[in-house]
Trainee: 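Here it is, the structure in full.
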Amino acid sequence: MNWKEIEEKWQKRWFESKIFESNPDPSRPKFFITVAYPYPNMPQHIGHARTYSLADAYARYKRMRGYNVLFPMGFHYTGTPILAQSKRIQANDKELIEQFKSLGVDEETIKTFVLPLNIAKYFHRDLKLGMQEMGYSIDWRREFTTIDPPYNKFIEWQFYKLKEKGYITRGSHPVGWCPSCKNPVGQHDTKGDLEPEIGEFTAIKFIFNDAYLPTATLRPETIFGVTNIWINPKAEYLEVLLNNEKMIISEKAFEKLKYQFTKLEFIKRIKGSDLIGKYAINPVNGNKVPILPADFVDPDNATGIVMSVPAHAPYDMLAILDLKKDPKGISSEILSSINPIPIIETPNMSTIPTIEIIEKFGIKNQLDSKAEEATKELYMKEFHFGKMLSSTGKYSGMPVSKARDEVKKDLIESNKAFKLYEIINGPIYCRCGSKIIVNILSDQWFINYGDPEWKKITKEHLNNMNIIPNELKKEFENVIDWLKEKACARRAGLGTLLPWDKEWIIESLSDSTIYMAYYTIARIINEEKIDPSLLIPQVFDYVFLGKELTSCVGIKKEILEAMRREFLYYYPLDSRHSGRDLIPNHLTFFIFNHVAIFPKELWPKQIVVNGSVLMEGKKMSKSLGNIIPLRKAIRDYGADVIRVSVLSTSELLQDADFSPSLAENIKSRLEEFYEFALKYANAPQLNKEALDDIDKWILSRTQRIIEQITISMEALRVREVIQNILYIFPQEINWYIKRKNNNPNESVMKYIMEILIKLLAPFAPHLCEELWEKYGNNNFVSIEKWPEIDESLINIKLEASEEYLRNVINDTSEIIKITEIKPSKIYYCVAPKWKWDIYLKVIQLIEEGIDPKLIIREIMKDKEIRTKGEAIVKFINSILSLIISMPKDYRRRILNIGIINEAEILKTDFISRYFNAQVYVGEAFEEVPKKKIEQAIPMRPAIYIV
RNA sequence: GCGGGGAUAGCCAAGUCAGGUCAAAGGCGCAAGGUUCAGGACCUUGUGGCGUAGGCCUUCGUGGGUUCAAAUCCCACUCCCCGCACCA
């Protein structure tokens, strides 16, 4: 079959017939479904296909269920990565150019990428074509980008709303910063794509003559254990004025702290070596401590001055031991006066744990790489299990984890220390080559997701929402709990200007929270070509909030009313789809913002989250070079194959594993389905009057599959759906064909295949349309009615009979296999009626909840039965444990069906054909040993083979 | 650290919420047979161990417990993955 031809044919027809364009229709229920719009900075790949294919399959399913489905799409231009990429292209960055090339972008196009907008436009087109080639049922009339002027107006309105509610705040905020680009840096701006991590240090002000030595630490609680101060003798230090106080810090620190403190002035240079041997005073306890040299001190980390706590910091202990071996001019008097001061006790650790841990790791000196590991281990243990000793005054007895915060707070409040920030996973370099530092932005705008009242209503609404899969609800709850202020604007990038402070551009996670509402009016804005300058806040107040329009706004009243109608028809949003990586940000912001801005009845109803796609078990990444561009994959395998591949290998939340061999497999499976279905395309319509039991059986099974798939579909367990259609149910069909001696009733087959085509249509729409047409229909299967169960075709008794037959055949095969008999005669001795009576009676009693131990007594109450005596007891004993271990509904089904005429079922020449042997069915045969005959129980005839 | 998810046969992956038809779906791989000039594809069968009668034994990360019955419920432990923000 020619996939490409079929795909193009149906995509064209769908487009021409406009069946996926949705307009308000009050006579039909609507279903509004959206997916997180993509960021157009690289080609669409298989990974994207999962979320979109899932949403599309869902949209198609809902459409077949009779909903007026709106499934729109937009493009998220907002943000800085495109800018960063463009800069790299300008700089002729080979790596990026190669990456683009390997993803199929031609050289000429890459040249145009010197303009950021060209990147966005190029990939916008790529993404859109990819979506169309995948056959997504999108209403393209509503398309927009987030830099379209009308969208900007919409975002401005949103921000005015947030501001009115008091959810916008302003304050200072530390960010990773490139001093030469003069911009905050994100992961995509750094060499090697490293995310700068910012740590908060406490700088404790040791008194040194008329100045301070600020020692920077992550463990302020160890201030009580300080024995000395470390300085790097090779480093340059400066005397500076910081917030009007004289301090000594390293030269490197001075350069960086300029970005964190506005009042910082140079006074004079000091050599590190000049400080050595002098004394400083611990501001907490007044202890006089010497200043000593140490090589491990990094002048480029924090202040370049370190306090020494040899009892609890391995580096400090090591440096002291090193110094005792090689004093470097320090007097033995000073060195001998330095004794570790324990201030923390930790279970299972000695009083001076550093000695213990140095021995354990076998560390030689302060430059030994193992010191880092030892430090981590000791810090971790002390933090979790340590308690402050009595020598720490008011903190005595406190767990270290608590003391750390307390000491820090107290020191800062009493002006004995101050906070400073440093990159703790550094050094990290900007793509321009400069080292990343911390800058404090003092006038940063935030959305205050920490607002307790806002949190509360958001959480309340979360509880009313349907989250698929449900396990994630808890995760959402936690995210709502710990969200704080979120910086919502930045200085560079594409996007909407903050309307009241045009120096700032609204950041991408903040301009994408309520845009689903914009889709409802985007069609009108696009078609009427509304002048964006007319889209003032009052317009949106009217359209979205129903506020009276007080003044003339320059847009025709009918148009405004149409927008309002359209919004009210589609809102609230019925289903929001994205990958699970968006839970801690976008999806939660989405709930927050809806709750803040819209009236309660318009809050979103459902969120659907799916896992990502792996490539042959590995994460897809540019560096691994294992990204398959979607459009290439479509050419290689076909759209339906990709759709089914990414949706059928794993459950919703799991990562799906894609591979070429999987795709090949799915491809042949789908082709098989197609060829198979084609055989019955011209068969006559089903005639319910002319059916035998086997026909009736498969028709009954077909109703079950409809039921099961519909349930799975509602819960979006799409893997289950596809598995059932493509693998599990076909086994039933095979059995049916076998039972019919390879002569299936063609009208039955046609009926079944029509149903399967419909059930598969949301997943493989092109294939199914083609088949649907071949089946003689001249409408689209995409908008056909989803199959419904035909109760008249359900036959429990036949299903049970067939299951019985299969079990007997299985048992027979088992015996043949073990005994290695080549069967010529098979005898089936079915259970006599009295056994059936007792069997059902026992099940009945167990169902009534009678203690199994009392069953025999209960049955024996019947005089009739008692006459049989011994045989009865033996029989009951043989079936009792079997019956007890049956599932409840299985027992009920047996009671419901009652006695099955086993002999009649087994008297079919199917069995003798199957085993190529003579088959005898009855209650007893002379040829069969008595003992064997006695073994028969209902549903399990005695089998004797010779 | 805080939060979330997970551990099932050679591999992938269902089953766990609602304990019982569970030696445990389905796929891949492997083996045998069929078809084929051959390869591929396809079809059938098998794929924990033992067994000349449909059975028995062991198994669902480890160790306990509840129950007539545990992959499933409870407790403890070990290991793995992901997120923690200004970045889409």
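Quick note on labels: first sequence line is chain A, next is B, and so on, each numbered from 1. Just so you know, these numbers come straight off a predicted model, no measurement behind them.
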Trainee: Looking at A88(B), I'd like to know if its phosphate oxygens (OP1 or OP2) sit under 4.0 Å from a side-chain N or O belonging to Asn41(A).
Mentor: no
Trainee: Once you round it to whole Å, what is the distance between P of A88(B) and CD1 of Ile506(A)?
Mentor: 13 Å
Trainee: Give a yes or no on whether a salt bridge exists between Glu221(A) and Lys408(A), defined as a side-chain N under 4.0 angstrom from a carboxylate O.
Mentor: no
Trainee: For this output row, return yes or no: ring centroids of Trp482(A) and Phe476(A) closer than 6.0 angstrom.
Mentor: no
Trainee: Whole Å only: how far is the CG atom of Leu441(A) from the C1' atom of A85(B)?
Mentor: 15 Å
Trainee: Are Glu799(A) and Arg701(A) ion-paired here, with the side-chain N under 4.0 Å from a carboxylate O?
Mentor: yes
Trainee: Name the residue closer to the 5' end of RNA chain B, choosing between Pro584(A) and Asp655(A) according to the nucleotide with the nearest heavy atom.
Mentor: Asp655(A)
Trainee: Taking the same atom, C1', in C56(B) and in G3(B), what whole-Å distance lies between them?
Mentor: 48 Å
Trainee: Any side-chain N or O of Ser648(A) under 4.0 Å from OP1/OP2 of G27(B)?
Mentor: no
Trainee: Between Arg404(A) and Glu200(A), is the closest basic N to carboxylate O distance under 4.0 Å?
Mentor: no
Trainee: G4(B), OP1 or OP2 - any side-chain N/O from Asn478(A) closer than 4.0 Å?
Mentor: yes
Trainee: When both hydrogen-bonding distances must be under 3.5 Å and the geometry is Watson-Crick or G-U wobble, what is A38(B) paired with, if anything?
Mentor: none
Trainee: Looking at A13(B), does its base get a donor-acceptor pair with the side chain of Asp657(A) below 3.5 Å?
Mentor: no
Trainee: Quick check on A13(B): is either OP1 or OP2 less than 4.0 Å from any side-chain nitrogen or oxygen of Gln723(A)?
Mentor: no
Trainee: If I take atom CD in residue Glu732(A) and atom C1' in nucleotide G26(B), what distance separates them, rounded to the nearest angstrom?
Mentor: 14 Å
Trainee: May I ask which nucleotide in the shown strands pairs with G3(B), Watson-Crick or G-U wobble, both distances under 3.5 Å?
Mentor: C82(B)
Trainee: Need the pair for A76(B). Rule: Watson-Crick or G-U wobble, both distances under 3.5 Å, any strand; none if unpaired.
Mentor: U62(B)
Trainee: When the C1' atoms of G40(B) and G49(B) are considered, how many whole Å apart are they?
Mentor: 36 Å
Trainee: Is the ring centre of Tyr52(A) less than 6.0 Å from the ring centre of His577(A)?
Mentor: no
Trainee: Could you work out which one of C42(B), A88(B), C86(B) sits closest to the side chain of Asn585(A)?
Mentor: A88(B)
Trainee: Whole angstrom is fine here: how far is it from CG in Asn665(A) over to C1' in C11(B)?
Mentor: 14 Å
Trainee: Between C1' on G83(B) and CG on Leu509(A), what's the gap in Å once rounded to a whole number?
Mentor: 14 Å
Trainee: Which is more 5' along RNA chain B, the nucleotide nearest Lys932(A) or the one nearest Ala487(A)? Just name the residue.
Mentor: Lys932(A)
